Every structure is written in C-alpha cells, then in structure tokens.
J.: 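Sharing a structure here in structure tokens format.
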Amino acid sequence: MRVLITGAGGALGRDLVSAFAGHEVVAAAHEQLDVSDRDAVLQVLGASAPDAVVHAGAWTNVDGCELDPDHAFAVNALGTRHVVEGARLVGARVCYVSTDYVFDGHANQPYVEWDATNPVSMYGRSKLGGEHELGPEDTLVRTSWVCGRWGKNFVKTIFERARSGQALTVVDDQHGCPTFTEDLAEMIRRLVVERRPGVFHVTNQGPTTWFALAREVAELAGLDPEQVQPITTAELDPPRPAPRPAYSVLDNAALRLGGVPLLADYHEPLERLVKELLSQ
Ligand SMILES: NC(=O)c1ccc[n+]([C@@H]2O[C@H](COP(=O)([O-])OP(=O)(O)OC[C@H]3O[C@@H](n4cnc5c(N)ncnc54)[C@H](OP(=O)(O)O)[C@@H]3O)[C@@H](O)[C@H]2O)c1
C-alpha cells in the first residue's frame, strides 16, 4: 500500500511514518506540503497517487487559533477539503486525525462517536470543519491529549520544569485521556490497512486531569510530587485565550464494540516516556 502522510514532521506524523514501515510511505512535512495551498495539494497527490492519505497536518496551536480564526479554518477546515479533493482524484481514501475539542465538555460520561459535537473554541470549530469534508469511504480518528517522543507536549514540559525545581500549578478541573503517539500511530495503521471507514475514538485508556497527570510525571521522574499544586481553570493567570472542554473523555466505543483491542492504559506509555526522558 502507498500511504501519503500530511504533517509528517509533527509529533504524531513522525511516529506515523515509523508505524507504516513496510508500506510505501510518502512523508509530506509542512515544508513540503502546505495543505492550505490547493494547487500544491492536488499536484502532490496527483504525482504520488497514494492508496490512502493519513491527514495529520493541522494548526494545533489552540490559543493561536482563537486569535487567528481565518488561519485556523484555512489550514484545518479548507486544508482538509483540499486533501479530500486530491484524494478523490486519485481514488485514495483519507484518514483524518481530529480532536476531543469538537465536544463542548458539558457531559458527565464518556463521549461516543455518535454524540453531537459542539466545539467551544476556534480550534475545535476548525477541526470539526475538516471532519465535515470527509466522505463515507473515509476514516475519522478522534484522539485527545497527545504526548510522545517528538515535539513539545505536556509531559515533557512538566518533566523539564519539575526537574529544574520549579513549583507548578496545574488545572485540576479538565478531564480527558492522555494518548501516546506511538500507540495512536499503530492503531491508525491498523484502521487504514484494514480499510475501516467511519468515526473512531482512539485514546489510551484511563481518564485523568492535567493536575493528576503532572503529579504522576513528577513521581515517575523521582521528584517531589508536592511541587505540583492544583488550581482551577478560573484561577489561571493570565487566562488562556481559548476555552477548553471541562470533560472530554472519549469512549472508544467503535473499537470496543467492533472487537478491536483498545490501546493500553495510559500509565504504560507514560512510564516508558518518562524513562526515556530520564535517560537523555
Ligand atoms: N496535540 C494534541 O493534543 C492533539 C489532540 C487531539 C488531536 N490532535 C490532532 O492530531 C494531529 C497531529 O497533531 P500533533 O499532536 O502531532 O501536533 P503537531 O506536532 O503540531 O503536528 C501537526 C503538524 O502539522 C503541520 N502543519 C501546520 N500547518 C500546516 C499546513 N498548513 N499544511 C501542512 N502541515 C501543517 C505542523 O507543522 P509546523 O510545526 O511547521 O506548524 C506539524 O508538523 C492533528 O491533526 C491534531 O489536530 C492533536
């Protein structure tokens, strides 16, 4: 199978390139392919004629999107339209990576794939716009709280700050499931290779809060967890431009009910990542 990966230089993109080893991979990093450029997308897809496109490229700066909605929609929504258009021209299916931030977070039980979306941020709205561009043959993977070896992420930031002895305050009123790029990339490979269309929630298992996760990072790193103290979102100073859903736990119902083994509990990959950070 020939697979083109957009955003191939990103945190997930890099692990996607590894996960598809054994297939023919066309790794299109942002520098090679700007998805907001329709001509470029049609040209690259036409020239490479992939069987599938894993569309991981996105403007993921949630606060940036709030301040520049046009750029958010140009990349995340219109960019996805271009990718789907290009894929149709060469008969490729698209696997689009979306987010828990398409939900408003007012639920008190995990969201299933069929629940109504209602994003509260420009990032969430623009990613939902991308979802609406997909056809019935495409695959939509919603994930949450992405961490991993590559790029910047919450686990790495907490690890570095805690190690340097800084006191940290972290919000304890946002609930979600941390998801590790290596595990997520593996499930995306499976869904693409098995040609499974439709919406799938794909997260590591185990809901937590950012505060509880930060404490776990400190503990695993052998540091004093008391360095990390809880605050509420309302106490953030200065407040962040984009609102976040208070509760965005995704029930991986389509995998679970379809008999596909779920990703591991998040503690497993978290431990692996912290060990790796300690060894650097
Ligand atoms: N991070 C999370 O917590 C999270 C949660 C849920 C879903 N997701 C989704 O997961 C996917 C992968 O995100 P990630 O966590 O790997 O974030 P990431 O590291 O920011 O990866 C996104 C990649 O897309 C690239 N990109 C930005 N603008 C682009 C454009 N116009 N055309 C092509 N590529 C562009 C970025 O390049 P530059 O670095 O040059 O901008 C980056 O390499 C995204 O679709 C994101 O929406 C992420």
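Note that the structure is a prediction, hence the values are computed from the model and not measured. Along the sequence shown, the residues carry numbers beginning at 1. Remember, it's 1-based here, ligands and their atoms both numbered in the order they're listed. Note: hydrogens, waters and symmetry copies are ignored here, and every other heavy atom, side chains too, is used.
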J.: May I ask you to check whether Ser98 and Glu131 show a side-chain donor-acceptor distance below 3.5 Å?
T.: yes
J.: Less than 4.0 Å is my threshold; does some heavy atom of Ser98 fall inside it relative to ligand 1?
T.: yes
J.: Can a non-hydrogen atom of Asp34 be found less than 4.0 Å from any atom of ligand 1?
T.: yes
J.: May I ask you to identify the nearest protein heavy atom to atom 6 (C) of ligand 1, giving residue, atom name and distance to one decimal place in Å?
T.: Thr143 O, 3.3 Å
J.: Any side-chain heavy-atom pair from Val202 and Thr179 closer than 4.5 angstrom?
T.: no
J.: Taking N or O atoms only and a 3.5 Å limit, does His30 qualify as a polar contact for ligand 1?
T.: yes
J.: Polar contacts were defined as any N/O atom of the residue lying under 3.5 Å from an N/O atom of the ligand; does this apply to Gly57 and ligand 1?
T.: no
J.: Taking only non-hydrogen atoms of Gly9, do any sit less than 4.0 angstrom from ligand 1?
T.: yes
J.: Starting from atom 19 (O) of ligand 1, locate the nearest protein heavy atom and write down its residue, its atom name and how far away it is, to 0.1 Å.
T.: Ala11 N, 2.9 Å
J.: State the atoms of ligand 1, each with its element, that fall below the 4.0 Å cut-off from a heavy-atom position in Leu33.
T.: 32 (N), 33 (C)
J.: Thr232 and Asp173: side-chain hydrogen bond (donor to acceptor under 3.5 Å, both in side chains), yes or no, with the steps?
T.: CA-CA 6 Å; Thr232 63; Asp173 55 1; 4.6 Å; no
J.: Under a single-linkage definition using a 4.5 Å side-chain heavy-atom cutoff for Ile, Leu, Val, Met, Phe, Trp and Tyr, are Tyr96 and Val83 assigned to the same hydrophobic cluster?
T.: yes
J.: Below 4.0 Å from ligand 1: does a non-hydrogen atom of Ala56 turn up there or not?
T.: yes
J.: With the side chain counted from C-beta on, respond yes when Asn204 and Cys177 share a heavy-atom pair under 4.5 Å apart, and no when they do not.
T.: no
J.: Assign the ring pair Trp210 / Phe154 to parallel, tilted or perpendicular, where the plane angle (0 to 90°) is split at 30° and 60°.
T.: tilted
J.: Give a yes/no on ligand 1: does Tyr123 have at least one heavy atom closer than 4.0 angstrom to it?
T.: yes
J.: Are any non-hydrogen protein atoms located under 4.0 Å from atom 28 (N) of ligand 1?
T.: yes
J.: Under a plain distance cut-off of 3.5 Å, with no hydrogens placed, do Asp251 and Gln109 share a side-chain donor-acceptor pair?
T.: no
J.: Tell me whether Thr60 has any N or O atom under 3.5 angstrom from an N or O of ligand 1.
T.: yes
J.: Considering only non-hydrogen protein atoms, determine which one is nearest to atom 2 (C) of ligand 1 and report residue, atom name and distance to 0.1 Å.
T.: Val146 CB, 3.4 Å
J.: Any nitrogen or oxygen of Lys127 lying under 3.5 Å from a nitrogen or oxygen in ligand 1? Just yes or no.
T.: yes
J.: Taking Met187 as the starting point, is it possible to reach Leu250 by hopping between hydrophobic residues whose side chains are less than 4.5 Å apart?
T.: no
J.: Return yes or no for this condition: an N or O of Ala58 is under 3.5 Å from an N or O of ligand 1.
T.: yes
J.: State plainly whether one hydrophobic cluster holds both Val17 and Val35, where clusters connect Ile, Leu, Val, Met, Phe, Trp and Tyr through side-chain heavy atoms under 4.5 angstrom apart.
T.: no
J.: Under a 4.5 Å cut-off applied to non-hydrogen side-chain atoms, are Val260 and Arg196 in contact?
T.: yes
